[in-house]
Amino acid sequence: MKYLHAMVRVHDLDATSRFFTEGLGLVQTRRMDNQAGRFTLVYFGAPENPEAEIELTFNWPPQDGAPAEDYGSARNFGHLAFEVDDIYALCAHLQSLGVTINRPPRDGRMAFVRTPDLISIELLQKGGALPPAEPWVSMPNTGSW
């Protein structure tokens with residue numbers, strides 16, 4: 001058996017794609033627009049292991065003017081996790097892009113953020129935890145993840 005990818009449905013393909021590329025530094029590995037099925041699939045991989053992909057599925061808006069499907073915020077999908085070189089630098093970078101740090105890396109090891117489509121992302125410090133540092137130590141949790 002070989003792990004291939006995790007699929008996540010999104011409403012805002014452009015914003016979520018930017019989150020994964022500009023925010024997290026993933027690379028788009030491939031894209032498929034399916035005219036007949038009215039959906040787009042975009043795959044992303046981390047530079048250190050691009051073969052383990054995240055698939056974003058964008059179902060095109062209904063042609064009859066009906067509202068887009070509500071994916072809700074079901075808890076049956078937990079989160080995606082990424083090991084990062086410097087959790088403080090990445091959290092600061094994400095904040096500069098307007099991303100809320102829902103669970104700050106107070107322990108120098110773990111943080112949670114959410115994509116524009118509310119997908120929970122766990123960030124884990126590579127190796128051992130970094131020494132506790134401000135502003136992270138004093139920052140409260142925000143929202144849910």
Side-chain angles (χ1 to χ4, degrees), residues 1-63 67-130 132-137 139-145:
M1 185 180 303
K2 178 181 175 182
Y3 172 80
L4 297 176
H5 64 267
M7 184 276 272
V8 181
R9 289 180 180 89
V10 300
H11 284 293
D12 191 333
L13 183 59
D14 292 336
T16 303
S17 294
R18 277 192 307 280
F19 175 87
F20 283 116
T21 57
E22 294 175 24
L24 295 181
L26 301 187
V27 294
Q28 181 178 317
T29 57
R30 54 199 165 111
R31 177 186 179 116
M32 181 187 80
D33 294 307
N34 186 307
Q35 297 287 333
R38 300 188 41 75
F39 64 87
T40 298
L41 305 178
V42 184
Y43 294 83
F44 298 88
E48 290 187 30
N49 61 330
E51 70 284 356
E53 297 173 309
I54 296 168
E55 172 195 319
L56 299 183
T57 296
F58 174 68
N59 293 309
W60 300 356
Q63 292 177 312
E69 181 180 351
D70 179 10
Y71 302 134
S73 58
R75 299 291 292 169
N76 62 341
F77 177 83
H79 63 266
L80 301 173
F82 294 93
E83 179 180 73
V84 302
D85 289 330
D86 184 333
I87 197 163
Y88 295 145
L90 182 58
C91 286
H93 173 67
L94 290 169
Q95 276 187 317
S96 76
L97 296 175
V99 174
T100 299
I101 309 301
N102 300 101
R103 193 281 193 189
R106 289 184 292 275
D107 56 4
R109 189 185 83 73
M110 179 180 67
F112 277 89
V113 298
R114 294 181 89 177
T115 71
D117 277 293
L118 306 178
I119 301 157
S120 188
I121 305 290
E122 179 181 21
L123 305 172
L124 294 167
Q125 176 61 43
K126 186 176 186 178
L130 298 179
E134 292 295 346
W136 314 111
V137 172
M139 190 179 290
N141 292 343
T142 303
S144 62
W145 60 90

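Quick caveat, the model's predicted, so the values are computed rather than measured.
Within the model, atoms CZ of Arg18 and OG1 of Thr16 stand 8.5 Å from one another, a figure rounded to the nearest 0.5 Å. Here His5 contributes atom NE2 and Ile54 contributes atom CD1; the two are 11.0 Å apart, rounded to the nearest 0.5 Å. Put simply, CD on Glu51 and OH on Tyr43 are 15.0 Å apart, with the number rounded to the nearest 0.5 Å.
Closest heavy-atom contact between Leu90 and Leu24: CD2-CD2, 4.0 Å. Closest heavy-atom contact between Ser96 and His93: OG-O, 2.6 Å. Residue Asn34 comes nearest to Trp60 through the heavy atom pair O-CH2, 3.8 Å, listed as atom of the first residue, atom of the second, then distance. Contact record, Asp107 with Arg109: OD1-N, 2.9 Å, taken as the closest heavy-atom pair. Closest approach of Pro132 and Val137 over heavy atoms only: CB-CG2, 3.6 Å. Minimum heavy-atom separation, Cys91 to Ala111: SG-CB, 3.8 Å.
For the pair Phe20 and Ile121, the minimum side-chain heavy-atom distance is below 4.5 Å. For the pair Arg30/Glu53, a side-chain contact is recorded, criterion being any heavy-atom separation below 4.5 Å from C-beta on. Using a 4.5 Å cut-off on side-chain heavy atoms (C-beta onward), His79 and Phe112 make contact. Side chains of Pro105 and Leu123 form no contact here, defined as non-hydrogen atoms less than 4.5 Å apart. Using a 4.5 Å cut-off on side-chain heavy atoms (C-beta onward), Thr40 and Leu13 make contact. Contact check for Asn59 versus Arg38: no side-chain heavy atoms found under the 4.5 Å cut-off. Between Phe58 and Phe39 the shortest side-chain heavy-atom distance does not fall below 4.5 Å. For the pair Phe44/Leu56, a side-chain contact is recorded, criterion being any heavy-atom separation below 4.5 Å from C-beta on.
Here the side chain of Asn102 pairs a donor or acceptor atom with the backbone of Thr142 at under 3.5 angstrom. Between the side chain of Arg106 and the main chain of Met139, a donor-acceptor pair closer than 3.5 Å is present. Formation of a donor-acceptor pair under 3.5 Å by the Thr115 side chain with backbone atoms of Ile119 is found in this model. Side chain of Arg103 to main chain of Met110: a donor-acceptor pair is present (N/O by atom type, distance under 3.5 Å, no hydrogens or angles).
For Arg9, the CZ atom is loosely surrounded, since the number of other residues' heavy atoms within 6.0 Å does not exceed 12. No more than 12 heavy-atom neighbours from other residues, nucleotides or ligands sit within 6.0 angstrom of CD on Glu48.
Residue pairs meeting the salt bridge (Lys or Arg N to Asp or Glu O under 4.0 Å) criterion with at least one member in residues 77-101, sequence neighbours excluded: Asp85-Lys126.
There is a side-chain donor-acceptor pair under 3.5 Å between Glu55 and Thr57. For Arg114 and Ser144, the side-chain atoms include at least one donor-acceptor pair closer than 3.5 Å.
For His11, the ring-ring contact (aromatic ring centres under 6.0 Å, His included) criterion is met by Tyr71, not counting sequence neighbours.
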Under the criterion side chain to side chain contact (heavy atoms under 4.5 Å, CB included), I'd like the reasoning laid out for Leu26 against Phe82: C-alpha separation, chi angles, the key distance, then a yes or no.
CA-CA 10 Å; Leu26 301 187; Phe82 294 93; 3.8 Å; yes

